[in-house]
Amino acid sequence: MSNVFIAFQANEESRPVVDAILADNPQAQAVYSPGLVKIDCPTRLVIKRATIEEQLGRRFDLQQIHVNLVTLSGNIDEDDDEFSLSWKH
């Protein structure tokens with residue numbers, strides 16, 4: 001089965017998002033390149049608004065992840081609280 005992945009610009013705005021993703025997805029692995037961080041995860045990757053808010057110490061609109069989003073792979077499912085990627089069969 002293929003991994004899902006998401007990649008962000010490597011900057012201070014995306015750092016708490018990346019940290020939250022890695023905290024909520026123990027199987028996820030981040031690959032850091034100049035200007036880019038790519039996160040691979042087998043099966044399913046979840047981005048939780050609450051975890052990002054914990055990292056930031058303030059409210060966060062999950063739609064803000066799109067500002068620094070470069071690319072992704074997987075089927076998207078999102079609401080106000082979670083953004084997830086998976087390969088649905």
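Val70 shares a hydrophobic cluster with Leu36; the chain of contacts runs through ILVMFWY side chains whose heavy atoms sit under 4.5 Å apart.
Considering every non-hydrogen atom in both Ala30 and Val37, the closest pair reads CB-CG2, 4.1 Å. Nearest heavy-atom pair across Trp87 and Ser73 is CZ2-OG, 3.2 Å. Residue Ala20 comes nearest to Ile52 through the heavy atom pair CB-CG1, 3.6 Å, listed as atom of the first residue, atom of the second, then distance.
Within the structure, no pair that satisfies the salt bridge (charged side-chain N to carboxylate O under 4.0 Å, His left out) test touches residues 62-73, not counting sequence neighbours. Identified under the side chain to side chain donor-acceptor pair (under 3.5 Å) test for residues 21-37, with sequence neighbours left out: Asp24-Thr51. Counting only residues at least two apart or on different chains, no salt bridge (charged side-chain N to carboxylate O under 4.0 Å, His left out) pair has a member in residues 63-74.
Two different hydrophobic clusters hold Ile39 and Val46 under the rule that ILVMFWY side chains link at heavy-atom gaps under 4.5 Å. One hydrophobic cluster, built from ILVMFWY side chains closer than 4.5 Å, cannot hold both Phe5 and Val18; they sit in different ones. Ile76 and Val17 fall within a single hydrophobic cluster, where Ile, Leu, Val, Met, Phe, Trp and Tyr side chains are chained together by heavy-atom contacts under 4.5 Å. Cluster membership for Leu72 and Leu45, using ILVMFWY side-chain heavy atoms within less than 4.5 angstrom, is shared.
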Show which side-chain atoms of residues 54-67 pair as donor or acceptor with protein atoms under 3.5 Å away, not counting sequence neighbours.
from, atom 1, to, atom 2, distance (Å)
Asp61, OD1, Gln63, N, 3.1
Gln63, NE2, Glu78, OE1, 3.2
Gln64, OE1, Asp61, N, 3.1

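For the side-chain contact (heavy atoms from CB on, under 4.5 Å) test, residues two or more places apart in sequence or in another chain that qualify with Arg15 are Glu12, Asp19. Every residue two or more places apart in sequence or in another chain that forms a salt bridge (Lys or Arg N to Asp or Glu O under 4.0 Å) with Lys38 is listed here: Asp40. Under the rule for a side-chain contact (heavy atoms from CB on, under 4.5 Å), the partners of Asp81 that lie at least two apart in sequence or sit in another chain are Arg49, Asp79. With sequence neighbours excluded, the residues forming a side chain to side chain donor-acceptor pair (under 3.5 Å) with Ser14 are Asn11, listed by chain and number. Every side chain to side chain donor-acceptor pair (under 3.5 Å) that Glu13 has, sequence neighbours left out, goes to Asn68.
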